Amino acid sequence: MNLETLLTQKVKEVIFNEFSMELPAVEFQPTRKDFEGDITVMVFPMLRHIKGNPVKIGEQIGAFLKKEVDAVSDYNVIQGFLNVVIDDAYYLDFFNGIKNDSAYGFVTELGKEGVMVEYSSPNTNKPLHLGHIRNNLLGYSVAEILKASGKKVYKTQIINDRGIHICKSMLAWQRFGNGETPESTSLKGDKLVGNYYVAFDKAYKKQVAQKIAGGIDPKVAEKEAPILLEAQEMLQKWEAGDEQVVALWKTMNGWVYKGFEETYKNLGVDFDTLYYESDTYLLGKDVVTEGLQKGVFYRKDDGSVWIDLTDEGLDEKIVLRSDGTAVYMTQDIGTAIQRIKDRPDVGGMVYTVGNEQDYHFKVLFLILKKLGYEWAQSLYHLSYGMVDLPSGKMKSREGTVVDADDLMIDMTRTAAEISEDLGKLEGYSETEKQDLYKMIGLGALKYYILKVDPKKRILFNPEESVDFQGNTGPFIQYTYARIQSILRKAEELDLQDFDDLTGQTGNDLHGAVGPNELLLGQTAGLHPKEKELIKQLQLFPETVQLAAENLSPALIANYTYDLVKEFNSFYQQVSILGEEDVEKKLLRVQLSRKVGEVIKSAFGLLGIEVPDRM
RNA sequence: GGUGGCAUAGCUCAGCUGGAUAGAGCACCUGCCUUCUAAGCAGGCGGUCCUAGGUUCGAAUCCUAGUGCCAUCACCA
């Protein structure tokens with residue numbers, strides 16, 4: 001039984017004995033470092049149910065716990081805080097119970113019901129940028145966390161592969177491209193297409209300026225620029241299935257997909273199923289027609305279809321244009337329904353989309369609820385803050401975006417410079433080194449982004465490089481590498497001694513003392529740092545669950561940082577391999593190994609790899 | 001204007017369902033590498049938790065109002 005549950009029972013028991021009162025709950029918190037003890041029982045909240053002096057009540061409870069609970073070795077009361085000292089044996093026992101559990105912290109029996117996590121969902125007219133990186137890292141990580149918490153997860157995205165923005169790039173390429181291809185220019189396909197998106201905007205602005213100079217009203221000029229009209233015409237042709245336009249569209253999208261694939265691969269994210277807007281944009285229409293009959297929607301005189309959400313404190317929202325074409329909302333309705341059809345085991349969905357679309361998703365979920373879909377109540381918008389530059393918002397048309405590929409290259413380069421300065425990679429081949437630099441560079445970037453609460457905006461200053469010291473990815477990777485170094489030496493030193501480190505049964509060196517009784521009979525006790533480490537390890541499973549409930553990788557990042565800080569302090573203060581007492585040495589090596597495993601597991605949830613050396 | 005989010009050290013951020021003297025990192029200052037990797041450890045400096053009320057034994061945390069920043073309210077996505 002979990003210690004807190006046991007203590008809760010016992011506290012309730014003593015209160016019932018003394019006051020004939022059934023406490024609804026008992027509150028705990030970890031004891032602050034400045035006081036003696038491990039777990040603190042809060043007496044104040046009990047005063048609502050029973051009358052008395054908090055110090056006295058604390059004393060009564062403390063005495064009872066010490067007498068009745070083996071794990072409680074002592075206690076002290078300060079004000080309304082009952083600090084309980086937990087016996088080393090309890091912690092050792094706990095550690096022995098988890099040390100060989102390779103999936104520690106994870107729920108390995110997945111539930112029947114699946115959850116679909118959507119992320120990335122880019123437009124195919126320009127390359128991915130820093131904003132997409134945050135989106136991708138969050139989506140990937142949340143999917144991994146949900147999986148670890150016991151959910152069956154499908155990663156997906158909706159690729160916005162059609163629309164006027166795509167036509168703009170296509171038209172500009174036709175106009176100014178001279179038949180350029182990724183091959184002929186050695187450019188990534190998404191970059192090439194993105195260039196033409198910018199080229200379109202340039203030409204468009206020029207035309208608008210000319211018209212305004214010619215005395216035309218700016219608003220009219222913006223709508224009537226010839227190149228824009230042409231793009232709109234192209235969209236109509238695309239919708240009509242014009243062969244040439246569709247062929248060009250396929251070609252250019254193909255270039256973009258290849259480029260995206262490379263970026264995703266470098267970033268280390270993946271997907272289980274893909275949805276394309278061009279396949280799904282018509283789906284929602286039928287649903288809207290149905291909803292119209294059911295009275296969920298209504299038609300205005302001009303033929304457009306709307307939903308009235310004023311009862312919910314929202315506005316009216318359009319779901320179909322007067323010309324019968326679909327809007328974004330129409331398509332999202334269709335896509336959601338299609339996904340549940342495709343995967344009947346899916347009971348909920350998580351949409352990883354920036355907070356600028358909060359309203360859109362509020363409306364979408366409401367519509368699906370009103371349409372009577374039960375699963376609509378299990379839809380979540382993982383709404384995250386924008387990534388801003390010191391100059392403000394990133395704008396692709398103005399070229400102020402931080403490109404995803406460039407950023408990854410920069411980070412890798414910085415990691416390489418630092419590593420070379422430190423010069424600890426003797427014996428590594430050039431490819432091994434490059435792999436490591438990338439691992440560290442991306443570790444820094446990913447951690448930097450994921451440690452921040454998703455809903456908060458991030459200010460990214462390209463002038464200041466992401467740190468590699470302190471609360472950073474590389475710091476945690478470094479600690480992992482240190483641990484691996486210890487484990488390598490431990491094996492070299494005395495393989496026999498550490499047999500059970502690798503999970504093999506091996507011969508028991510210590511005669512009657514089995515691994516689960518390690519140190520239990522000893523008087524020496526645990527070093528305070530060892531105890532703190534075990535306590536921190538204890539928190540991992542609940543942290544995974546909490547992160548899953550809150551869809552927050554930041555909780556995992558912060559947990560890992562605390563664990564690693566604790567380990568480094570331990571590492572500095574006690575000798576591991578230099579310890580003479582064999583049992584202590586063995587415990588310390590095992591502790592180190594477990595910390596390493598948890599770092600690896602936790603970072604895996606963030607999509608960050610860990611190195612054996614660095 | 002309506003709605004939603006955010007506001008904590010010079011900077012970047014933690015602070016779980018209200019609990020003890022509000023914590024980290026960066027930056028700045030001081031120590032520690034002939035001993036398991038110094039991308040580290042130990043310590044110092046640094047706070048009107050946006051403001052004003054309220055609830056409570058107790059508020060950075062909950063409620064109300066205000067201020068500031070951001071987003072959104074399009075037959076855009």
Side-chain angles (χ1 to χ4, degrees), chain A residues 25 27 29-32 34-35 40 42-45 47-48 54 78-81 83 121 123 160 163-165 277 300 302-306 313-323 325 327-329 331-332 353-360 362 383 385-386 388 392-393 415 418-419 421-422 424 440 444 448 451-453 455-459 461 464 466-479 481-490 493 539 542-543 546 550 554-555 557-558 561-562 564-565 568-579 588-589 592 613-614:
Chain A
E27 289 180 43
Q29 76 183 46
T31 304
R32 288 180 63 111
D34 356 315
F35 301 96
T40 296
M42 312 295 298
V43 182
F44 285 119
L47 299 180
R48 295 210 172 90
I78 296 163
Q79 297 172 43
F81 301 92
N83 301 321
S121 303
N123 292 344
N160 302 298
I164 188 74
H165 46 287
E277 187 183 328
K300 283 193 178 174
D302 62 6
S304 55
V305 178
W306 298 71
L314 304 173
D315 298 318
E316 297 179 329
K317 188 84 187 173
I318 191 162
V319 290
L320 212 56
R321 293 194 187 100
S322 53
D323 62 3
T325 56
V327 292
Y328 190 49
M329 188 64 78
Q331 158 206 320
D332 264 358
V353 182
N355 62 12
E356 54 193 354
Q357 291 191 39
D358 283 355
Y359 186 71
H360 174 81
K362 214 180 259 181
S383 163
M386 298 287 99
D388 290 327
K393 215 175 165 176
I418 296 173
S419 290
D421 273 357
L422 293 172
K424 297 185 191 176
I440 297 170
Y448 176 82
K451 75 170 180 183
V452 181
D453 185 328
K455 67 177 182 245
K456 294 197 175 172
R457 72 178 201 130
I458 289 181
L459 189 71
N461 190 344
E464 295 168 18
V466 172
D467 281 331
F468 282 69
Q469 281 170 6
N471 187 359
T472 67
F475 165 57
I476 292 166
Q477 289 171 320
Y478 171 73
T479 305
R482 262 183 163 178
I483 292 171
Q484 301 320 301
S485 171
I486 291 172
L487 296 182
R488 282 192 297 269
K489 288 203 169 123
L493 274 179
L539 293 176
E542 56 195 83
T543 304
L546 198 63
N550 292 309
L555 297 178
N558 289 325
Y561 177 64
D562 289 340
V564 161
K565 262 187 76 94
N568 278 315
S569 179
F570 160 79
Y571 177 91
Q572 187 72 26
Q573 216 173 98
V574 306
S575 182
I576 299 168
L577 298 174
E579 171 60 45
R588 287 176 188 169
V589 172
S592 303
R613 283 176 58 184
M614 73 180 269

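Numbered from 1 within each chain, the chains take letters A, B, ... in sequence-line order. Worth saying up front: this structure is predicted, and the values here are computed from it rather than measured.
- Comment: Asp34(A) engages Arg32(A) in a salt bridge, judged by a side-chain N to carboxylate O separation of less than 4.0 angstrom.
- With Ser419(A) contributing its side chain and Ala415(A) its backbone, the two residues share a donor-acceptor pair below 3.5 Å.
- Proximity note for Ile486(A) (side chain, C-beta onward) versus C73(B), G19(B), U37(B): the nearest is U37(B).
- In this structure, His165(A) and Ile78(A) both approach RNA chain B, and ranking their closest nucleotides by distance from the 5' end singles out Ile78(A).
- Rounded to an integer number of Å, the gap from Glu27(A) CD to C16(B) P is 14 Å.
- Under the 3.5 Å distance criterion, the side-chain polar atoms of Ser485(A) are left unmatched by any main-chain donor or acceptor of Ala481(A).
- Taking atom P on both nucleotides, G25(B) is separated from G43(B) by 10 Å, rounded to a whole Å.
- Atoms CD1 (Ile318(A)) and C1' (C76(B)) sit 11 Å apart, rounded to a whole Å.
- Residue side chain Arg48(A) does not reach the base of G18(B) through any donor-acceptor N/O pair under 3.5 Å, judged by distance alone.
- The side chain of Lys456(A) places an N or O atom within less than 4.0 Å of a non-bridging phosphate oxygen (OP1 or OP2) of A7(B).
- For Thr325(A) (side chain) and Arg321(A) (main-chain N/O), no donor-acceptor pair under 3.5 Å exists by modelled atom type.
- Rounded to the nearest Å, the gap between the C1' atom of C36(B) and that of C13(B) is 32 Å.
- In this structure, Gln357(A) atom CD and G4(B) atom C1' are separated by 14 Å, rounded to whole Å.
- OP1 and OP2 of U37(B) both lie 4.0 Å or more from every side-chain N or O belonging to Arg488(A).
- With hydrogens and angles left out, the side-chain atoms of Asn355(A) and Arg457(A) include no donor and acceptor closer than 3.5 Å.
- Phosphate proximity of A39(B) to Tyr478(A): present, with a side-chain N or O under 4.0 Å from OP1 or OP2.
- As rounded to the nearest Å, U30(B) and U35(B) have C1' atoms that lie 24 Å from one another.
- Within the shown strands, A71(B) is the pairing partner of U3(B) under the Watson-Crick or G-U definition, both distances less than 3.5 Å.
- For the residue pair Asp467(A) and Thr472(A), no side-chain donor N or O sits within less than 3.5 Å of a side-chain acceptor on the partner.
- Under 3.5 Å, the side chain of Asn83(A) and the base of A20(B) form at least one donor-acceptor pair of N or O atoms.
- Counting distance only, with no hydrogens placed and no angle test, the side-chain atoms of Ser569(A) and the base atoms of A42(B) include no donor-acceptor pair under 3.5 Å.
- Between U8(B) and U48(B), the two P atoms lie 12 Å apart (nearest whole Å).
- Side chain of Leu422(A), nearest nucleotide from G19(B), A77(B), A39(B): A39(B).
- Between G15(B) and A77(B), the two P atoms lie 37 Å apart (nearest whole Å).
- Although no hydrogens or angles enter the test, the distance criterion places a donor-acceptor pair under 3.5 Å between the side chain of Asn160(A) and the main chain of Ser121(A).
- Residue Lys393(A) places none of its side-chain N or O atoms closer than 4.0 Å to OP1 or OP2 of C70(B).
- Applying the 5.5 angstrom centroid cut-off and the 30 degree plane-angle cut-off, the aromatic ring of Phe44(A) is stacked upon the base of G19(B).
- Residue side chain Phe35(A) meets the stacking definition with respect to A20(B): its ring centre sits within less than 5.5 angstrom of the base's six-membered ring centre, and the planes differ by less than 30 degrees.
- Taking atom CD of Gln477(A) as the reference point, atom C1' of U37(B) lies 15 Å away to the nearest angstrom.
- Residues Asp388(A) and Glu316(A) both approach RNA chain B. Their nearest nucleotides, taken by heavy-atom distance, put Asp388(A) toward the 5′ side.
- Residue Ser485(A) places at least one side-chain N or O under 4.0 Å from the OP1 or OP2 atom of U37(B).
- Under 4.0 angstrom from either OP1 or OP2 of U37(B) there lies at least one side-chain N or O belonging to Lys489(A).
- One can place CG of Asn355(A) at 13 Å from P of C70(B), the figure rounded to the nearest angstrom.
- The P atoms of A39(B) and G44(B) are separated by 23 Å, rounded to the nearest whole Å.
- Counting to the nearest Å, the C1' atom of C76(B) and the CG atom of Asp332(A) are 13 Å from each other.
- Comparing C76(B) with G5(B), their C1' atoms are spaced 22 Å from each other, to the whole Å.
- Atom C1' of nucleotide C70(B) and atom CD1 of Ile458(A) are separated by 15 Å, given to the nearest angstrom.
- With both pairing distances under 3.5 Å, U55(B) is matched to nothing as a Watson-Crick or G-U wobble pair.
- Remark: Arg32(A) is in phosphate contact with G23(B), judged by side-chain N or O atoms under 4.0 Å from OP1 or OP2.
- Under the 3.5 Å distance criterion, the side-chain polar atoms of Arg613(A) are matched with a main-chain donor or acceptor of Lys424(A).
- You'll find a donor-acceptor pair under 3.5 Å spanning the side chain of Thr40(A) and the base of A20(B), going by distance alone.
- Rounded to an integer number of Å, the gap from CG of Asn568(A) to C1' of G25(B) is 14 Å.
- The aromatic ring of Tyr561(A) does not sit over the base of A24(B), since the test of centres under 5.5 Å and planes under 30° is not met.
- Comparing the same atom, C1', in A52(B) and in C45(B) gives a spacing of 32 Å after rounding to whole Å.
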